[in-house]
Each structure stands twice: as structure tokens, then as C-alpha cells.
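One structure is given here, and the rest of the page talks about it.
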Number of protein chains: 2
Amino acid sequence: MDTKTAGKYERRAAVIKALAHPSRLYIVDRLAEHEHCVNELTALIGSDMSTISKHLSVLKNAGVVQDERRGASIYYSLRIPCILNFFKCADAVIQAIQKEQSALAE
Amino acid sequence: MDTKTAGKYERRAAVIKALAHPSRLYIVDRLAEHEHCVNELTALIGSDMSTISKHLSVLKNAGVVQDERRGASIYYSLRIPCILNFFKCADAVIQAIQKEQSALAE
DNA sequence: TGGTTAATTGGCTAATTTACCAAATAACCA
DNA sequence: TGGTTATTTGGTAAATTAGCCAATTAACCA
């Protein structure tokens with residue numbers, strides 16, 4: 001694989017990698033409804049706030065979310081809504097696996 | 001987050017995680033055109049065959065690809081074509097980042 | 001200014017991932 | 001059967017990731 005092609009797939013992988021964590025997917029799903037501050041997401045997920053903050057920074061560095069300070073809080077929102085298509089397809093894969101497994105169980 | 005919800009996002013993350021590697025994304029892109037055996041993919045990518053084989057096993061375990069032995073070779077093909085939507089969206093994120101960076105550079 | 005809440009950063013450890021090599025399996029052909 | 005090609009598996013070292021705690025930064029209010 002030549003360097004240019006490798007770069008293309010590395011950039012794509014960087015975006016997808018940023019999404020590849022349950023908490024981060026959950027965050028994306030919540031932000032798809034409306035913006036949330038770190039505090040709210042922390043309460044929803046139940047991890048340490050520093051952990052959530054780091055997840056948000058991963059998503060932000062990848063270009064998936066954006067943040068905006070308003071007063072003492074920092075509000076995060078989805079930058080690219082097409083991210084939600086990932087869910088549909090991931091769920092289609094999951095369904096296919098389940099179908100296969102129940103077919104094998106017969 | 002309750003256990004059921006956590007499970008849902010863990011399953012989704014497992015699928016997305018399987019895609020989160022440049023070589024695996026490249027493989028998916030090649031398989032979107034037509035099936036390939038391990039040998040062919042190894043030649044295209046240029047890593048050790050054992051490395052490619054392990055990448056394929058990650059994709060297979062996640063339900064993204066399927067394999068079929070024909071003679072001495074094992075042919076891999078895409079199981080769920082919607083995976084390709086990931087690329088479009090990942091590229092949209094990448095474009096947005098680049099736009100932002102060139103705006104900042106002004 | 002001092003206290004309080006919101007968020008990020010640094011440090012640390014445990015767990016996971018990756019890539020290569022070497023060895024094992026599987027299928028084919030002479 | 002023996003040799004060759006295709007693929008997978010096991011082992012190992014290096015790199016990355018995740019999560020928590022403690023400390024720091026930022027904004028607000030009394």
C-alpha cells in the first residue's frame with residue numbers, strides 16, 4: 001500500500017477509533033438529541049467526571065463533537081450528524097450475528 | 001447507565017471497534033468491490049500474512065465479513081454492505097476538520 | 001476576596017492491541 | 001507419500017487505551 005493510500009485509511013480509522021467505545025457511543029447518541037454539558041453526561045453515565053471529560057476530548061479531537069463555554073459550564077454538541085448512520089449499520093451487523101447464532105442453535 | 005443500556009452500547013462498540021484500524025478499513029473497501037483471499041489482501045497491504053489473517057479474524061468475529069474455503073484458498077467477502085456508509089461519514093468529519101484548520105490558518 | 005461548582009490535566013496502573021516470527025494445519029499435486 | 005502453497009495459531013515485546021484519584025484552572029457569587 002502506498003503512503004498516500006495509507007494516509008487516507010489512517011485518517012478514516014482515526015475518526016472511527018474515536019467512536020469505538022461504549023461510553024463515547026452513548027455520548028454521541030445523547031448529543032444527537034440535544035447538547036449536554038459534562039456534568040449532565042457524567043450523571044447519565046456514572047463514571048468519574050475526569051473519565052467523561054477525556055472521552056469528550058477524544059471525540060472533539062476527532063472532529064465528531066464541538067464545545068462551547070457558557071458561564072461555568074461547557075456544552076458539547078454533535079458536529080457531524082451522519083455519525084448516527086453508524087448506529088444503524090452496527091445494529092444491522094448485530095442483528096445478522098444474532099440471526100446466525102439462533103440458526104446454529106437449532 | 002443501567003445494565004441493559006450498557007449492553008446495547010457495548011455491542012455497537014464491538015462492531016465499530018472491529019473497523020477501527022487502517023488495514024481493516026482498507027480490507028473492507030477492497031471486499032466491497034469483490035471477494036479476496038488472504039493471499040491477495042496480503043499482497044495489496046504488504047504486512048505479514050499472519051497479521052492480515054488476524055485482521056480478518058477480527059472482522060469475522062464482529063460479523064462484518066464471512067469466509068469460504070475453495071480449494072487451498074479461503075475467500076473473504078463483505079457480509080453487511082452498509083459498512084460503506086461509515087466511510088462517507090468519516091470522510092465528512094475529515095473534511096470538516098480540514099476546513100476548520102484552513103480557516104484557522106488564515 | 002474567599003468559597004463553591006464545573007471542567008480539565010497529570011500521574012499511575014491494569015488491560016488491550018498490534019505486529020512480527022516460528023510453528024502448526026489444511027489442501028493440493030507430482 | 002512427500003513437497004509446496006495457503007492459512008491460522010501461539011508466543012512475545014512495544015505501544016496504546018481506560019479509569020480512577022489528586023491537583024489545577026475557570027467562572028461565578030456572596
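Letters go in sequence order (proteins before strands), and every chain restarts at 1.
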Is it true that A/Asn39 and A/Thr42 share a donor-acceptor pair across their side chains at a distance under 3.5 Å? no
Can you tell me the distance, in whole Å, between the [atom1] atom of [X] and the [atom2] atom of [N]?
X	N	atom1	atom2	answer
A/Ile16	C/dT17	CD1	C1'	17 Å
B/Lys17	C/dT17	NZ	C1'	9 Å
B/Asn39	C/dA26	CG	P	19 Å
B/Leu19	C/dT17	CG	C1'	16 Å

Do you know which two heavy atoms are closest between B/Leu56 and B/Val65, and how far apart they sit? O-CG2, 4.0 Å
Looking at every heavy atom in both B/Ile97 and A/Ala62, which two are closest together, and how far apart are they? CD1-O, 3.1 Å
Closer to the 5' end of DNA chain C via nearest nucleotide, is it A/Cys37 or B/Ser23? A/Cys37
On DNA chain C, more 5' by nearest nucleotide between A/Tyr75 and B/Arg70 is A/Tyr75
So, are [X] and [Y] salt-bridged, with charged N and O less than 4.0 Å apart?
X	Y	result
A/Arg30	A/Glu35	no
A/Glu10	A/Lys8	no
A/Arg12	B/Asp29	yes

Report yes or no: does B/Arg79 contribute a side-chain atom to a donor-acceptor pair with the main-chain N or O of B/Gly63 at less than 3.5 Å? yes
Give, for atom [atom1] of [X] and atom [atom2] of [Y], the distance between the pair rounded to the nearest 0.5 Å.
X	Y	atom1	atom2	value
A/Ile27	A/Leu44	CD1	CG	9.5 Å
B/Asn85	A/Cys89	CG	SG	6.5 Å
A/His21	A/Lys54	NE2	NZ	12.5 Å

DNA chain C contacts among residues 52-64 of chain B, heavy-atom distance under 4.0 Å: B/Lys54, B/His55
Give the residues of residues 40-51 of chain B touching DNA chain C, defined as any heavy atom closer than 4.0 Å, sorted by residue number. B/Ser47, B/Asp48, B/Ser50, B/Thr51
B/Arg24 NZ/CZ over B/Tyr26 ring centroid, <6.0 Å and within 45° of normal: no
Using the heavy-atom set of chain B and a strict 4.0 Å cut-off, write down the first and last nucleotide of DNA chain D that makes it in, 5' to 3'. D/dA6 to D/dG11
